[in-house]
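Okay, structure first, notes after.
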Amino acid sequence: MLKVGIDTLSFYTSHYALDLARLAEVRGIDPNKYTIGLGQRNMGVPSPDEDIVTMAANAAQAAIRDIDTQSIEMLLFATESGIDQSKAAGIYVHDLLGLSEQCRVVELKQACYSATVALQLSLSFIRQHPDKKVLLIASDIARYGLNTPGESSQGCGAVAMVLSANPRMVAFDPEYGVVTENVMDFWRPNYADAAFVEGKYSSKLYLNMLEKTWHQYHTRTRRAFEDHDYYCYHMPVPRLVEKAHQHLTKINGSDKLSDHALHAQIGCSLEYGRQIGNSYTASLYVGLVSLFDLTTDDLSNKRIGFYSYGSGCVAEFFSGVVQPGYQKMLNTSQHQKLLAERTALTYPEYETFYSFKYAQDGSLCEIPTYRTGAFRLVAIRDHRRIYEKCT
Ligand code: HMG
């Protein structure tokens, strides 16, 4: 059977972060609640001139570096932080990157799940058109109210991947387990700029859906827990992922994993998320980038189990096998430089970024220049967003 999957993969996040110890100090909370209770150290905070488009373009620029862009006939942009009710954010990225006119561009939404449906749709497309490629971008800004329980699980990031036949990084297995249920655990009405959430309920659903999707996947594949060498999970907070992995172990009849075994199976995939926070639909794939960048193991021919969860809710369990030679495709030093060189925000700076007001009346709103990657949002004029390539 034709192999289809990830040919190139890259990640981007804001150049600014808030140390959760600073947030804890201001909120009068024991910092251990964040670092131990949630397993989170920092949250990525977008500057006013950074949005889902600029993050996406930065991630995608690296992902298409050695790709013949004429072969990219589809750009799927997964997000729940949309900037327009009508126009797909991917069209701005298509323009900023100078992609071919002969390319479909569309935006997909279903909370943190949409990148996974984009992946599955892309794989079907490539099986039908093996000479074509798809650029899949997941880009999100996780935003809750100030001083709410969700606040410490904010974050931002984008992942871009080129999907193709005979991929150089990961070939996906065709089977999956998928579940949809109409639940109100997390949602954002059109008039709100931050999510509403039933935090504890959402965490329970995350675990229930893992169980359901795993059983379906297991029935279809007969693959056991041990048939997967590594696991990547959607990561709202790292501690929930650790709990989910122990839960999966338990429902498969095994003893609780030791810290060593837990770290070996999911540890590296959690690390970037601990540093950037939730990046909603990008988060599962940030986990994959983190695993690739940080493991010292040779991942060749290893099978990874993936758990995708999007509130509302749709969840899916699927798997893929890492392709020999994948090491040549890594962008590790670029990712690590970006994370290492982020500016640590003070609490007042964080609030200023959080509360920045964009003009909504069509008047000219010039956005101050902050540290960004190769693209920035320059202004909003006549209700139009204006982006610029800076380097
Ligand atoms: P919370 O109220 O901040 O935290 O909610 P908590 O009171 O449950 O405490 C968390 C843990 O810290 C507990 O451990 C405490 O004991 C511990 P646990 O009992 O869970 O093992 N703790 C401490 N540990 C050490 N030292 C201390 C200390 N104090 C307390 N001093 C919650 C946490 C994740 C619910 C909150 O951050 C939230 O509402 N986040 C947003 C929603 C969310 O992330 N839900 C997760 C599943 S839903 C999902 O993944 C979808 C999503 O990504 C959206 C989408 O799909 O688009 C969110």
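Both ligands and their constituent atoms are indexed starting at 1 by order of listing. Atoms considered below: every heavy atom in the structure, side chains included; atoms not considered: hydrogens, waters and symmetry mates.
A heavy-atom separation below 4.0 Å is not found between Arg239 and ligand 1. Heavy atoms of Tyr144 come nearer than 4.0 angstrom to ligand 1 in at least one pair.
For Pro149, a nitrogen or oxygen atom sits less than 3.5 Å from a nitrogen or oxygen atom of ligand 1, counting backbone and side chain alike. For ligand 1, the polar-atom distance check against Tyr206 finds no nitrogen or oxygen pair separated by under 3.5 Å. Annotation: Cys112 places an N or O atom under 3.5 Å from an N or O atom of ligand 1; distance criterion only. By the 3.5 Å distance cut-off applied to N or O atoms, Tyr280 is not counted among the residues near ligand 1.
Relative to atom 44 (O) of ligand 1, the option among Ser152, Gly277, Gly39, Pro236 with the closest non-hydrogen atom is Pro236. Among Gly199, Ser114, Ser283, Ser81, the residue whose heavy atom sits closest to atom 39 (O) of ligand 1 is Gly199.
Every atom of ligand 1 is numbered from 1 in the order shown, and the set under 4.0 Å from a heavy atom of Ala111 is 55 (C), 56 (O), 57 (O). Within the listing of ligand 1, atoms 46 (C), 47 (C) sit less than 4.0 angstrom from a heavy atom of Ser203. Listed by number with element, the atoms of ligand 1 under 4.0 Å from a non-hydrogen atom of Gly310 are 56 (O). Of all the atoms in ligand 1, the ones that sit under 4.0 Å from a non-hydrogen atom of Val197 are 42 (C). Every atom of ligand 1 is numbered from 1 in the order shown, and the set under 4.0 Å from a heavy atom of Ser202 is 42 (C), 43 (C), 45 (N), 46 (C), 47 (C), 48 (S). Counting atoms of ligand 1 from 1 in the listed order, those under 4.0 Å from a heavy atom of Gly150 are 38 (C), 40 (N). The contact set between ligand 1 and Ser153, taken as ligand atoms under 4.0 Å from a residue heavy atom, comprises 37 (O), 40 (N), 41 (C). Listed by number with element, the atoms of ligand 1 under 4.0 Å from a non-hydrogen atom of Leu240 are 46 (C), 47 (C).
For atom 11 (C) of ligand 1, the closest heavy atom belonging to the protein is Gly37 O, 3.5 Å. Among all non-hydrogen protein atoms, the one lying nearest atom 57 (O) of ligand 1 is Glu80 OE2, 2.4 Å. Scanning all protein heavy atoms for the shortest distance to atom 1 (P) of ligand 1 gives Lys33 NZ, 3.5 Å. Leu38 CD2, 4.7 Å is the protein heavy atom nearest to atom 32 (C) of ligand 1. In terms of protein heavy-atom proximity, atom 2 (O) of ligand 1 is nearest to Lys200 NZ, 3.2 Å. Residue, atom and distance of the protein heavy atom nearest to atom 34 (C) of ligand 1 are Val237 CG2, 4.2 Å. The closest protein non-hydrogen atom to atom 31 (N) of ligand 1 is Asp30 OD2, 2.9 Å. Atom 21 (O) of ligand 1 has as its closest protein heavy atom Lys243 NZ, 3.1 Å.
In this structure, His245 and Phe225 have tilted ring planes: the angle between them lies in the 30° to 60° band. Aromatic ring pairs are classed by plane angle as parallel below 30°, tilted from 30° to 60° and perpendicular above 60°; the pair Tyr347 and Tyr350 is perpendicular.
When non-hydrogen atoms are compared, ligand 1 lies under 4.0 Å from the backbone of Asn32 as well as from its side chain. Residue-level proximity to ligand 1 for Asn278 is carried by the side chain, the only part with a heavy atom below 4.0 angstrom.
The stretch residues 26-53 participates, sequence neighbours left out, in these salt bridge (charged side-chain N to carboxylate O under 4.0 Å, His left out) pairs: Arg27-Glu151, Arg41-Glu271, Asp49-Arg376, Asp51-Arg385.
By the 4.0 Å N-to-carboxylate-O rule, Asp173 lies close enough to Arg223 to be salt-bridged with it. No salt bridge links Asp229 with Arg303; every basic N to acidic carboxylate O contact stays at or beyond 4.0 Å. Glu25 and Arg22 are not joined by a salt bridge, as no carboxylate oxygen comes within less than 4.0 angstrom of a charged side-chain nitrogen. A salt bridge links Glu73 to Lys132: at least one charged side-chain nitrogen sits closer than 4.0 Å to a carboxylate oxygen.
Residue Arg104 qualifies as open at atom CZ: its count of foreign heavy atoms under 6.0 Å is 12 or below. Within 6.0 Å of CZ on Arg381 lie no more than 12 heavy atoms contributed by other residues, nucleotides or ligands. Crowding of Asp255 atom CG: a count of heavy atoms from other residues, nucleotides or ligands under 6.0 Å not exceeding 12. Counting heavy atoms of neighbouring residues, nucleotides and ligands inside a 6.0 Å radius, atom CG of Asn182 does not exceed 12 of them.
Of the N and O atoms on the side chains of Asp293 and Thr332, at least one donor lies less than 3.5 Å from an acceptor on the other residue.
Residue Phe292 is tested with Tyr326, Tyr230, Tyr272, Phe11 for a ring-ring contact (aromatic ring centres under 6.0 Å, His included); the sole match is Tyr326. Of the candidates Phe318, Tyr113, Tyr231, Tyr206, Tyr307 forms a ring-ring contact (aromatic ring centres under 6.0 Å, His included) with just one, namely Tyr206.
Between His94 and Phe77, the ring center distance fails the sub-6.0 Å criterion.
For the pair Lys87 and Tyr92, the cation-pi test (distance below 6.0 Å, angle within 45°) is passed.
Using a 4.0 Å threshold on non-hydrogen atoms, atom 16 (O) of ligand 1 does not count as touching the protein.
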